[in-house]
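All values derive from a computational prediction rather than experimental measurement.
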Amino acid sequence: MLPDKDTLLIFQKPEYYFFPDLKGIVFPPFCISERSFWYLIYKFLYILRLPCCSLFWGEWKKHLKKAKQVIIFDYGYQAGMETYIHKINPSCKVSLFFWNIITPKTKNHILFTKKDAIYSTDKDCCRKYHLKYHHIFYTKSYYTPYTPEHLNRLFFLGADKGRATYLGQLKGILEQCGLECDIRVITPVKNLTYRKSLSGILTDRTLAYPEYCDEIRRCGILLDINQEGQVALTMRVLEAIYFSKKLITNNADILHYDFYEENNIYLLPGELSKISASEIQSFLEKPFIPYGQDILDRYDFEHWKTQF
């Protein structure tokens, strides 16, 4: 069933995640490629803050008159979008949603005019920048009932973000605990010494989201490692919930969420040396407890969009 088009999402690269399944409501910010000559022209005009910048914005503009709300994701936001939207549809609610942590290079909240309509998935960012909290979301179309297959196979695919060395060390420890670990880290680092030292986990190949989901289905455990300074939930947490997989994570804040279940989620100790093989084995032997319909509904897109 296709989602109602009362809500539009503006996201930098929808094809990287599950967003293509929300057909007709998720759009990239631009109607031009960000690698094209026209994008360079746009950036020049954008720096000058000229009103003609909106000519380069995407397909979402055609749907504004009927939209009740527009949610702009952090990397999809361009200064002036909310003003343009309200010019076309004055009654439309516009929110800015950070599902990445805010860094000195991504302070788009400074430019957004409605300060009371800025949300973040990271509780520390909310406290630091006085934003509203809202969790990330998924879609029930991916829900897969639990099956006792590939129980000892662990999967992780993600960008380096300073985590590669830790992940390489963790892989060795978890394998000693009896897990079959498929850990793939994409890194921009070209240093040959660095790449050689982590050759067992580094990859240059990204996966389209359907391919990524196939890998999830072939594992029993997802690995979730937050980057330094992040307390927000990652997509891997919700993927573990909706694909009915166990989760191993280093995010201590996960203990405070309503879906936390010790049979399904194992919190890594702060130091790698404190990982216990017996604890890992005990966790693997615990029966998986399916998540209730209330959890699946609460973190689904249809509920998420009503909370702005």
**Message:** Run the side-chain contact (heavy atoms from CB on, under 4.5 Å) test against Glu228 and tell me which residues pass, sequence neighbours left out.
**Reply:** none

**Asked** Of all residues at least two apart in sequence or in a different chain, which pass the ring pair (Phe, Tyr, Trp, His ring centres under 6.0 Å) check with His109?
**Response** Tyr129

**Request:** Using the test side-chain contact (heavy atoms from CB on, under 4.5 Å), find all partners of Lys61 that sit at least two apart in sequence or belong to another chain.
**Result:** Trp57, Tyr84

**Item:** Asp182: partners by side chain to side chain donor-acceptor pair (under 3.5 Å), with sequence neighbours left out
**Value:** Arg153, Arg184

**Request:** Identify, with sequence neighbours excluded, every residue that meets ring pair (Phe, Tyr, Trp, His ring centres under 6.0 Å) alongside Tyr138.
**Result:** Phe18, Tyr142, Tyr242

**Request:** Please state whether the rings of Phe56 and Trp38 are parallel, tilted or perpendicular, taking 30° and 60° as the class boundaries.
**Result:** tilted

**Residue pairs, two or more places apart or on separate chains, that pass side-chain hydrogen bond (donor to acceptor under 3.5 Å, both in side chains) and touch residues 110-122** = Glu82-Thr113

**Item:** For Lys87, all residues meeting salt bridge (charged side-chain N to carboxylate O under 4.0 Å, His left out), sequence neighbours excluded
**Value:** none

**Asked** Hey, mind stepping through Arg236 and Glu239 against salt bridge (charged side-chain N to carboxylate O under 4.0 Å, His left out) and telling me if it holds?
**Response** CA-CA 5 Å; Arg236 294 173 191 86; Glu239 287 161 352; 5.7 Å; no

**Request:** Could I get the full list of side-chain contact (heavy atoms from CB on, under 4.5 Å) partners for Arg35, not counting sequence neighbours?
**Result:** Ser33

**Request:** Please list, chain by chain and in numerical order, all residues satisfying ring pair (Phe, Tyr, Trp, His ring centres under 6.0 Å) with Tyr17, sequence neighbours excluded.
**Result:** Phe11, Trp99

**Request:** For residues 147-173, pull every pair meeting ring-ring contact (aromatic ring centres under 6.0 Å, His included), keeping only residues two or more places apart or in separate chains.
**Result:** Phe155-Tyr212

**Request:** Name all residues meeting the ring pair (Phe, Tyr, Trp, His ring centres under 6.0 Å) criterion together with Phe283; count only those two or more places apart in sequence or in a different chain, and write none if there are none.
**Result:** Tyr266

**Request:** For Glu271, enumerate each residue passing the side-chain contact (heavy atoms from CB on, under 4.5 Å) test, keeping only those at least two apart in sequence or located in another chain.
**Result:** Ser273, Lys274

